[in-house]
Structure formats: structure tokens, C-alpha cells
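Everything below concerns the one structure shown next.
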Amino acid sequence: MVERHGCIHIEVQSQAEPAFAKRMFTYYYRILDRYGHEVVSLAVLADERPSWRPHEHTTARWGCALTFTYPVVKLTDWRARREELEESDNPFATVVLAHLAAQATRGNPPERERVKLGLVRRLYDRGYERERIVSLFRFIDWLLALPADREVALRQVIMTWEEERKMPYVTSIERIGRAEGREEGRKEGREEGRELVRRAVLRRFGSLPPSLEERIAAANREELLALFDRALDAATLDAI
């Protein structure tokens with residue numbers, strides 16, 4: 001984001017990366033060189049490793065030294081501050097709640113459905129305008145994906161809420177994965193998911209074995225989400 005007298009660089013990082021601090025510095029000086037304005041770099045760490053908190057890049061040789069530091073927000077810290085998030089009217093509180101819920105409910109569809117329902121209901125209880133409810137719902141819906149049968153049940157509950165409140169916001173928008181949605185949209189969504197998995201594997205391990213490519217090509221939405229999680233968390237390529 002470019003301001004009148006400066007630039008703000010925000011980096012969201014979802015996995016531990018040894019060279020992250022150096023990359024933050026690289027982006028910093030490239031933005032500085034490109035725009036010629038003062039730059040503020042901020043890092044949002046969305047991984048699940050509490051001890052990983054890179055905040056400084058240092059280099060020194062022959063009397064020439066540089067230390068670059070930047071503020072860091074660790075989303076896992078907010079697990080202990082959930083009440084603050086739930087009481088906040090800031091839309092980003094909902095974003096953080098959804099992110100923490102996605103981590104906490106991985107592999108537990110019933111709990112994920114319960115939490116997702118609560119987050120969606122929270123959008124209405126907070127009295128947000130239609131545009132905000134729709135945009136936040138899209139994010140929650142994407143991040144907290146459910147099996148098809150549970151997704152249908154959740155939509156029915158939401159429809160009942162909207163009928164009672166005369167607020168047909170969510171049920172009137174086009175939804176990814178909706179049972180009555182167009183097949184073309186579902187295919188496009190799956191292909192985008194496959195590409196994300198491929199990119200995650202290549203970025204972390206530098207290669208994509210043919211056997212894994214076959215699994216990605218044949219995977220459904222839930223399997224792609226599982227492969228994507230493994231690509232982010234696995235220590236080795238074989239572990240995927």
C-alpha cells in the first residue's frame with residue numbers, strides 16, 4: 001500500500017521459513033528503491049509454531065554492518081485472548097477467529113461445523129452491513145470448508161436465520177461448493193486448489209514427483225485441502 005508520504009508493506013506468512021527475515025529486508029529495500037518513500041514493514045505470522053518469531057535481519061563484515069528490525073504479530077498469541085476477539089467489532093477480529101478455528105478444527109468436521117456456524121451468526125449479531133457480511137462470509141466459507149452433507153445442513157440453518165431477520169445476504173450470493181452451483185464453477189475451484197498444492201510443494205521442496213502429481217490431479221476438494229495442509233507442515237517430501 002502506498003501512502004502520500006510513505007509505504008506500508010505487510011507480509012502474511014503461514015509457515016516457518018528460515019530466510020523469512022532476509023526476505024522481509026529484501027522487500028523493504030526494493031519498495032524503498034522503487035517508490036523513494038519511507039517504508040514501514042510489518043509481519044503477520046499465521047503459522048502454528050509459538051517459538052518462531054523472526055523480527056530481525058542482521059549482516060556484518062569488515063566493519064560494514066546492517067540491522068533491520070520490523071514489528072511482528074503472531075496469530076497464535078490470540079488463542080489466549082479469544083474473548084477480546086469475540087467482543088471486538090473490528091472485522092479483522094472475525095478474520096483471526098476464523099483462522100484460529102481452521103487450525104483448531106483440522107480433521108474434526110463436527111466441531112468445525114459448530115464453530116463455523118457461530119462465526120457466521122456473529123456477522124449478523126454484530127449488525128454489519130450487507131457488503132461486509134458477504135465478504136467476511138466468503139472468507140469464512142473458504143477457510144472452514146466442510147464435507148458436502150454438513151455444508152448443506154449449515155446452509156439450511158443460515159437460510160432460516162435470514163428469513164427470520166429478513167436479511168437475505170448469504171443465501172443470495174453465489175457460493176463455491178454449493179450443491180446447486182454450476183459444475184463449471186466447481187471444476188474451476190478444484191483446479192485452483194490443485195495449483196495451490198503444486199505451488200506449495202514446489203516452493204518448499206523444489207520438486208513435484210509424478211506419483212504426487214497423480215494424487216493431486218485425482219483429488220477432490222477435501223483431499224486437496226488435506227494435501228495443502230501437509231505441504232505446509234511436512235518436514236520432508238516423503239512425509240506428504
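Just so it is clear, the values below take in all heavy atoms, side chains as well, and ignore hydrogens, waters and symmetry mates. Since we're looking at a predicted model, the values are computed, not measured.
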- Side chain to side chain, Q13 and W52, heavy atoms closer than 4.5 Å: yes
- Before accepting this row, confirm whether a basic side-chain N of the pair E113/K116 lies closer than 4.0 Å to the acidic partner's carboxylate O. no
- Go through the steps to decide whether Y128 and T94 satisfy the test side-chain contact (heavy atoms from CB on, under 4.5 Å), and finish with yes or no. CA-CA 12 Å; Y128 293 144; T94 300; 4.2 Å; yes
- Query: Where do F205 and L212 land on the side-chain contact (heavy atoms from CB on, under 4.5 Å) test, with the steps shown first?
  - Reply: CA-CA 13 Å; F205 303 105; L212 182 54; over 6 Å; no
- Task: Check whether any side-chain heavy atom of V73 sits under 4.5 Å from a side-chain heavy atom of P71, and report yes or no.
- Result: no
- Task: Would you kindly say whether E11 and Y70 are connected by a side-chain donor-acceptor distance under 3.5 Å?
- Result: no
- Task: Please test R49 against Q15 for side chain to side chain donor-acceptor pair (under 3.5 Å), starting from the C-alpha separation and ending with a verdict.
- Result: CA-CA 8 Å; R49 303 182 186 184; Q15 64 188 55; over 6 Å; no
- Answer whether the closest heavy-atom distance between the side chains of R23 and H57 falls below 4.5 Å. no
- Can you spot which of E56, H55, M24 makes a side chain to side chain contact (heavy atoms under 4.5 Å, CB included) with F68? M24
- Message: Looking at R126 and E87, is any side-chain nitrogen of the basic one under 4.0 Å from a carboxylate oxygen of the acidic one?
- Response: no
- For residues I31 and C7, report the shortest heavy-atom separation together with the two atoms involved. CG2-CB, 3.8 Å
- Message: Can you tell me if E83 has over 12 outside heavy atoms packed within less than 6.0 Å of its CD?
- Response: no
- Message: If you count every heavy atom of other residues, nucleotides or ligands that lies below 6.0 Å from R61 atom CZ, does the total exceed 12?
- Response: no
- Query: Do the side chains of L146 and L225 join up, straight or via other hydrophobic residues, at under 4.5 Å, putting them in one cluster?
  - Reply: no
- Message: Could you report the tightest heavy-atom contact between L224 and G193, atom names first, then the distance?
- Response: CD1-C, 4.2 Å
- Item | Step-by-step side-chain contact (heavy atoms from CB on, under 4.5 Å) determination, L227 to I216 | CA-CA 8 Å; L227 284 171; I216 294 172; 4.1 Å; yes
- Item | Parallel, tilted or perpendicular, as decided by the 30° and 60° cut-offs, for the rings of W142 and F139 | tilted
- In this structure, are over 12 heavy atoms from other groups packed under 6.0 Å from E38 atom CD? no
- Side-chain contact, heavy-atom cut-off 4.5 Å: P209 with L237? yes
- R199 bridged to E195 by N-O distance under 4.0 Å: no
- Are the charged groups of E86 and R121 less than 4.0 angstrom apart, N to O? no
- Measure across T105 and A101 and return the closest heavy-atom pair with its distance rounded to 0.1 Å. OG1-O, 2.6 Å
- Query: Are H9 and Y27 near enough that their ring centres are under 6.0 Å apart?
  - Reply: yes
- Query: With side chains defined as the heavy atoms from C-beta onward, is the minimum distance between L32 and H37 less than 4.5 Å?
  - Reply: no
- Item | Electrostatic pair D47-R53, nearest N-O below 4.0 angstrom | no
- Item | Salt bridge present between E17 and R204 (N-O < 4.0 angstrom) | no
- Query: Does the side chain of L45 reach to within under 4.5 Å of the side chain of L75, using non-hydrogen atoms?
  - Reply: no
